[in-house]
Amino acid sequence: MEPFVPFHIVLVEPEIPPNTGNIARLCGATRTVLHLVGKLGFATDDRTLKRAGLDYWHAVDIRYWGSLEELQAACPGGRFIYTSKKAAKSYVEMDFREGDFIVFGKETRGLPDELLAANPETCVRIPIFGAVRSINLATSAGIILYEALRQTGKLIEAAVQTEG
């Protein structure tokens with residue numbers, strides 16, 4: 001069996017503790033590395049954050065960065081996929097690769113327009129065809145991460161390991 005190469009979820013300046021807690025739980029369940037970048041809108045010992053992550057904090061590889069540029073400099077070979085409701089490409093059109101960094105912006109503003117404009121080939125969105133303007137951050141992370149896991153065959157590998 002080939003060595004496991006994790007995906008990375010990157011949250012840039014997350015503001016809502018339960019979203020980050022739920023994403024941490026998602027990362028623990030999928031062996032995904034969680035990167036928290038910049039100024040957080042809460043303390044990481046926040047009980048709401050911990051409650052959302054429940055008893056799974058020990059299973060999550062969480063890394064803290066002062067800026068997105070700092071993370072990118074530390075991972076020069078990494079491919080960064082930027083998420084935005086403004087992106088032209090749907091997440092199902094992206095060819096995900098093991099080890100990709102899937103980047104989400106703060107809940108109220110998303111990622112900076114300059115960052116998106118500089119990276120159009122690696123910007124993705126989740127199509128919304130209802131009357132709402134966006135999907136919850138934790139839900140969005142789950143949707144895109146599981147598509148990446150599906151595309152790379154990790155869901156099949158996990159199912160075989162669970163059965164065995």
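Distance alone, capped at 3.5 Å, places no donor-acceptor pair between the Thr83 side chain and the Val124 backbone. Proximity of a side-chain donor or acceptor of Glu93 to a complementary backbone N or O of Lys89 within less than 3.5 Å is not detected. When atom types are taken as modelled, the side chain of Asp100 and the backbone of Ile102 share no donor-acceptor pair closer than 3.5 angstrom. No side-chain donor-acceptor contact under 3.5 Å links Glu98 to the backbone of Lys154. Under a 3.5 Å cut-off, the side chain of Glu107 and the backbone N or O of Glu15 do form a donor-acceptor pair.
Of all heavy-atom pairs between Gln151 and Met94, the closest is NE2-O, 2.9 Å. Nearest heavy-atom pair, Ala141 versus Phe104, reported as atom, atom and distance to 0.1 Å: CA-CZ, 3.4 Å. Scanning both residues, Pro14 and Leu40, for their nearest heavy atoms gives CD-CD2, 3.6 Å. A pairwise comparison of heavy atoms in Ser140 and Ile135 identifies OG-O, 3.4 Å as the closest pair. Shortest non-hydrogen contact noted between Ala138 and Asn22 is CB-CB, 3.9 Å. Heavy atoms only, all atoms of each residue included: Leu137 and Gly105 are closest at CD1-O, 4.1 Å.
Around atom CZ of Arg79, more than 12 heavy atoms belonging to other residues, nucleotides or ligands sit under 6.0 Å away.
No continuous path of ILVMFWY side-chain contacts below 4.5 Å connects Val33 to Val5, so the two sit in separate hydrophobic clusters. Side-chain heavy atoms closer than 4.5 Å link hydrophobic residues (I, L, V, M, F, W, Y) into clusters, and following such links, possibly through other members, connects Leu26 to Ile126. No single ILVMFWY cluster, assembled from side-chain heavy atoms under 4.5 Å apart, contains both Leu149 and Val10. Residues Tyr64 and Val12 fall into different hydrophobic clusters, defined by Ile, Leu, Val, Met, Phe, Trp and Tyr side chains chained together at heavy-atom separations under 4.5 Å. Transitive grouping of hydrophobic side chains (ILVMFWY, heavy atoms separated by less than 4.5 Å) brings Leu71 and Val103 into a common cluster.
Here the straight-line distance linking atom CZ of Arg25 with atom CD1 of Ile23 works out to 13.5 Å at 0.5 Å rounding. For the atom pair Ile62 CD1 and Ile9 CD1, the distance stands at 12.5 Å (nearest 0.5 Å). The distance from the CG atom of Leu34 to the OG1 atom of Thr20 is 7.5 Å, given to the nearest 0.5 Å. The CD1 atom of Ile81 sits 10.5 Å away from atom CD of Glu121, with the distance rounded to the nearest 0.5 Å. Put simply, CZ on Arg97 and CZ on Phe7 are 10.5 Å apart, with the number rounded to the nearest 0.5 Å. Here the CG atom belonging to Leu145 is positioned 9.0 Å from the CZ atom belonging to Phe96, to the nearest 0.5 angstrom.
Counting only heavy atoms from C-beta outward, the side chains of Leu68 and Tyr82 approach each other to under 4.5 Å. Two residues are said to be in side-chain contact when any heavy atoms from C-beta on lie closer than 4.5 Å; Cys123 and Leu116 meet this criterion. Looking at Pro127 and Ser90, their side chains come closer than 4.5 Å, going by heavy atoms from C-beta outward.
When the side-chain hydrogen bond (donor to acceptor under 3.5 Å, both in side chains) test is applied to Arg63, the partners found at least two apart in sequence or on another chain are Asp61. Among residues two or more places apart in sequence or in another chain, the ring pair (Phe, Tyr, Trp, His ring centres under 6.0 Å) test is passed with Phe80 by Phe101.
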